[in-house]
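Submitted below is the structure of interest, expressed as structure tokens.
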Amino acid sequence: MSKPRILVARAIFPDIVDRLRQHFDVEDNPDDVIWTPQELAARLADKDGVLTTGSQRIDAALLSAAPRLKVCANMAVGYNNFDVDAMTAAGVLGTNTPDVLTETTADFGFALLMATARRMTESEHYLRAGKWTKWSYDMFAGSDIHGSTLGIIGMGRIGQGIAKRGAHGFGMKVVYHNRSRLSADLEAECKATYVGKEELLRTADHVVLVVPYTSASHHTIGAAELALMKPTATLVNIARGGIVDDAALAVALRERRIAAAGLDVFEGEPIVHPDLLTVPNVVLTPHIASATVPTRRAMANLAADNLIAFFDGRGPLTPVNQPSTLR
Ligand code: GLV
């Protein structure tokens, strides 16, 4: 019997592609070419499955150009590149990579918070530019992490990981806002108090965003929300571009309406709003929150395992939808 045909849409670990070849007829993309939606659709025309990385849009137009496609395995926990309703209606299953990246991403969220509050990249640029000629009492004075109030918007697994690091490691007071409140046990474990979004923005010294991107979370932080924050506050976005109105944030940073921001994700990435590139009080990283070698391997392996389990008839391991009938 012929093997199912799958497309690996971006370059991933070669040995994991080799593992997939044991089960499938694989077309991969070792040169990591960024295909247009039309090029992706042409490659998917004869494929049964695809491994995506979060930057390939799977929507109704693509699904109708790929009539054999049955499963899309995202190598990411977020899956806003999937039009889940269109996939479910077409009988196409989607999977993501939860859990395997939680602690790594929470580590990074905390690192970005510290780098932002303590002005690490701004001061490094100053030093590298040869401007450091003397010590002064207020040189790159930032804000404290320990003992401050941490506000987390989005209290899923990664948000909880950040809360625990803040509460247990740095003695922070943790407040959070989420679509639904955590159980009393989880709140106690995270030492976190549920508050409304407005109260969180008014009281937190540091605001960290970890909400999934949906039409409802678009511009969770815009000019109005930034205006509620303390002028000494920092904002960290490790969620998705589009959760923050980047143009409004650049204005708030330039006018020092908030002290600083740390951003790992951007509206329209990999293009970054030009005004964010010129304000000094922002730490910018290229969407690397889950980027450690063991975690990226675990994500790629989980995406591969989802494809293997699906075509073995065992059902996917971490589905994001449940079509009533499959293609
Ligand atoms: C990364 O952004 C992910 O969703 O895994």
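Counting starts at 1 for both ligands and their atoms, following the listed order.
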* Asked: Is Asp83 reaching over with its side chain to a backbone N or O of Ile58, donor-acceptor style, under 3.5 angstrom?
  ->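 Looks like no, no N/O pair under 3.5 Å.
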* Location of contacts on Asn96 toward ligand 1, heavy atoms closer than 4.0 Å -> neither
* Asked: Checking Arg296 against Phe13: charged group under 6.0 Å from the ring centre and within 45 degrees of the axis?
  -> no
* Return the minimal non-hydrogen interatomic distance between Thr116 and Ala260, and the atom names on each side. => CG2-CB, 3.6 Å
* **Sub-6.0 Å ring centroid separation between Phe266 and His273** =>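 Here the rings of His273 and Phe266 have centres that are no less than 6.0 Å from each other.
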* So is Val77 polar-close to ligand 1, meaning N/O to N/O under 3.5 Å? ->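 The answer is yes, given that Val77 and ligand 1 share an N or O pair closer than 3.5 Å.
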* Asked: So is Gly78 polar-close to ligand 1, meaning N/O to N/O under 3.5 Å?
  -> yes
* Does Thr97, backbone or side chain, put an N or O under 3.5 Å from an N or O of ligand 1? ->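 So ligand 1 has no N or O lying under 3.5 Å from an N or O of Thr97.
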* Do any N or O atoms from the side chain of Glu255 and from the backbone of Ala252 form a donor-acceptor pair under 3.5 angstrom? -> no
* Asked: Of all the non-hydrogen atoms in the protein, which one sits nearest to atom 1 (C) of ligand 1, and at what distance?
  ->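 Result for atom 1 (C) of ligand 1: His287 NE2, 3.5 Å.
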* **contact_flag Met75 ligand 1 heavy-atom lt 4.0 Å** =>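 No, Met75 has no heavy atom closer than 4.0 Å to ligand 1.
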* Asked: Is there a donor in the side chain of Arg19 and an acceptor in the side chain of Asn301, or the other way round, less than 3.5 Å apart?
  -> yes
* Can you sort out which atoms of ligand 1 are near Leu101, meaning under 4.0 Å from one of its heavy atoms? => 5 (O)
